[in-house]
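Below: one structure, written as structure tokens.
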Amino acid sequence: MEGPSLVILKEEAAPFIGKKVLVASGASKLDKDRIINQTLRDLKTWGKHFLMVFDDCTIRIHYLMFGNYYINSRHPEKIPKLTLEFENGEWNNYNCAAKIIEGTDMDALYDWSSDVMNEAWSPAKARKKLAAHPHMLVSDALLDQQLFTGVGNIIKNEVFYRIKMHPESVIGALPPAKLTQLIKEARNYSFDFYNWKKEGTLRKHWLAHTKKICIRCNLPFTKKHTGLNPRRSFFCTNCQVLYTPKDNEGTAVNK
DNA sequence: GAAAATGTTATCAT
DNA sequence: TATGATAACATTTT
């Protein structure tokens, strides 16, 4: 699950805010008794971290690759990792990692400005952080949760396709305007993802992820694991430009 | 039916 | 002690 999906969950679970946990159950090892009778005070997301803020602690849920949830219904056979029952409904979470964080001050723990879905998102800070990693491949940069919190592999592939950038381009070699475009589109596509996911049309809007043919060029895509975080990249070598350092710059000159 | 994938963190080893 | 490798989680799609 990528960042935008958690924002959708936050909206779907909003009716539970202000309600008391009547029953907490599930396969998770976390101390479920701890939150019984606590009121759900707030729901927040930091990229792929989902935060349920209670009276004196917070539950952090990560849905990883296969996690999902059912609100006011449950999976026909699977056992939930964590179920919360309130007076107005139940919330079942599956295949996720759940953990209790002591305290409720998430502002002290999370930097919201790095989250592409957050209103506090700061392109300027992103740019500054990127400048500190001139040798990083753009493919790794977009997946780096400290740089583009909430971006996942689908968003990565679609962003590079949109801005016509080869995923193995190097941060330090990007022309300033191209860097601007990368930062801008990381957030912009994430909101498209959010809207399409909500209307159930996300997959049909994919132009690169899992695709075989580039519709701009009518040529086959390259499918390759790129970067140090070797996730699948789908790209067109004809229209997606590879930005690499010139031989005599970017690194110490060897003579 | 095997393999890979919308991903990260805890733990172990060096 | 710091860094890096490995295990763990566990379902759907190709």
Side-chain angles (χ1 to χ4, degrees), chain A residues 1-10 12 26-31 44-52 58-70 73-83 92-102 109-111 114-117 133 136-137 139-162 167 185-187 189-213 220-235:
Chain A
M1 278 178 119
E2 304 190 29
S5 301
L6 273 68
V7 176
I8 293 170
L9 166 57
K10 187 163 63 175
E12 292 177 356
S28 171
K29 283 180 215 152
L30 69 76
D31 181 9
K44 291 174 178 288
T45 64
W46 183 78
K48 303 164 191 173
H49 289 210
F50 193 87
L51 302 166
M52 307 168 175
T58 302
I59 293 183
R60 185 195 75 193
I61 292 193
H62 201 300
Y63 292 91
L64 300 148
M65 293 265 243
F66 316 126
N68 65 350
Y69 59 86
Y70 285 65
S73 64
R74 45 176 71 209
H75 192 284
E77 46 206 82
K78 301 294 176 192
I79 296 172
K81 254 311 188 343
L82 181 64
T83 293
N92 299 291
N93 298 282
Y94 301 83
N95 307 318
C96 56
K99 180 188 169 180
I100 287 186
I101 299 175
E102 291 302 327
L109 293 179
Y110 288 97
D111 175 5
S114 67
D115 184 342
V116 296
M117 293 302 290
H133 299 286
M136 190 183 261
L137 296 192
S139 177
D140 285 324
L142 265 194
L143 292 176
D144 187 322
Q145 297 302 296
Q146 300 303 317
L147 299 174
F148 293 99
T149 308
V151 170
N153 205 38
I154 296 171
I155 295 174
K156 179 197 80 175
N157 283 318
E158 295 298 321
V159 166
F160 289 142
Y161 187 68
R162 273 194 177 179
E185 199 56 36
R187 175 170 165 95
Y189 183 84
S190 295
F191 278 89
D192 286 343
F193 183 118
Y194 164 86
N195 288 315
W196 289 330
K197 172 112 187 178
K198 244 170 127 164
E199 61 181 39
T201 62
L202 179 62
R203 272 169 185 262
K204 81 173 192 196
H205 281 95
W206 289 349
L207 297 180
H209 191 72
T210 72
K211 296 298 174 182
K212 299 212 165 12
I213 303 284
F221 269 119
T222 297
K223 175 184 170 184
K224 181 184 178 187
H225 289 73
T226 56
L228 299 175
N229 182 354
R231 307 291 303 281
R232 294 189 298 178
S233 288
F234 300 84
F235 54 98

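Here is the naming used below: chain letters follow the sequence lines, and residue numbers restart at 1 for every chain. What's counted below: heavy atoms across the whole structure, side chains too, no hydrogens, waters or symmetry copies.
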Using OP1 and OP2 only, check whether a side-chain N or O of [X] sits under 4.0 Å from [N].
{"X": "Arg232(A)", "N": "dA4(B)", "value": "no"}
{"X": "His62(A)", "N": "dT9(B)", "value": "no"}
{"X": "Lys99(A)", "N": "dA10(B)", "value": "yes"}
{"X": "Gln145(A)", "N": "dT8(B)", "value": "yes"}
{"X": "Lys48(A)", "N": "dT8(B)", "value": "yes"}
{"X": "His225(A)", "N": "dA5(B)", "value": "yes"}

Look only at the side chain of [X] and the backbone of [Y], and say whether a donor-acceptor pair between them is shorter than 3.5 Å.
{"X": "Glu2(A)", "Y": "Gly152(A)", "result": "yes"}
{"X": "Asp140(A)", "Y": "Leu228(A)", "result": "yes"}
{"X": "Asn157(A)", "Y": "Arg232(A)", "result": "yes"}
{"X": "Thr149(A)", "Y": "Gly47(A)", "result": "no"}

Rounded to whole Å, please give me the gap between [atom1] in [X] and [atom2] in [N].
{"X": "Met65(A)", "N": "dG7(B)", "atom1": "CE", "atom2": "C1'", "value": "6 Å"}
{"X": "Lys223(A)", "N": "dA5(B)", "atom1": "NZ", "atom2": "C1'", "value": "9 Å"}
{"X": "Met1(A)", "N": "dA5(B)", "atom1": "CE", "atom2": "C1'", "value": "16 Å"}
{"X": "Glu2(A)", "N": "dA5(B)", "atom1": "CD", "atom2": "P", "value": "14 Å"}
{"X": "Lys224(A)", "N": "dA5(B)", "atom1": "NZ", "atom2": "P", "value": "15 Å"}
{"X": "Asp140(A)", "N": "dT8(B)", "atom1": "CG", "atom2": "C1'", "value": "15 Å"}
{"X": "Ile155(A)", "N": "dT6(B)", "atom1": "CD1", "atom2": "C1'", "value": "9 Å"}
{"X": "Leu143(A)", "N": "dT6(B)", "atom1": "CG", "atom2": "P", "value": "10 Å"}

For DNA chain C, consecutive-pair runs of 3 or more (Watson-Crick or G-U wobble, both H-bond-type distances under 3.5 Å) give B:2-5 with C:11-14, B:7-14 with C:2-9

Aromatic plane relationship, Trp196(A) with His205(A) - under 30° parallel, 30 to 60° tilted, over 60° perpendicular: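 Rings of His205(A) and Trp196(A): parallel, under 30°.
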
Should the pair Tyr110(A) and Trp46(A) be assigned to parallel (<30°), tilted (30 to 60°) or perpendicular (>60°) ring geometry?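 Tyr110(A) vs Trp46(A) ring planes: tilted.
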
Are Lys44(A) and Asp115(A) ion-paired here, with the side-chain N under 4.0 Å from a carboxylate O? no

How far, in whole Å, is dT6(B) from dT6(C) if one measures between their C1' atoms? 23 Å

Same-atom distance (C1') from dT12(C) to dT9(B), integer angstrom: 23 Å

Let me see the working for Met1(A) and Tyr69(A) under side chain to side chain contact (heavy atoms under 4.5 Å, CB included), right down to the final yes or no. CA-CA 11 Å; Met1(A) 278 178 119; Tyr69(A) 59 86; 3.5 Å; yes

Minimum heavy-atom distance between Lys156(A) and Ser233(A), given as atom pair plus value: NZ-OG, 2.9 Å

Atom pairs under 3.5 Å, N or O on each side, protein against nucleotides 8-12 of chain C: can you list them with distances?
{"unit_1": "dC9(C)", "atom_1": "O3'", "unit_2": "Lys81(A)", "atom_2": "NZ", "d": "3.3"}
{"unit_1": "dA10(C)", "atom_1": "OP1", "unit_2": "Lys81(A)", "atom_2": "NZ", "d": "2.5"}
{"unit_1": "dA10(C)", "atom_1": "O3'", "unit_2": "Asn95(A)", "atom_2": "OD1", "d": "3.4"}

Just checking Leu109(A): does its CG atom have more than 12 heavy atoms from other residues, nucleotides or ligands closer to it than 6.0 angstrom? yes

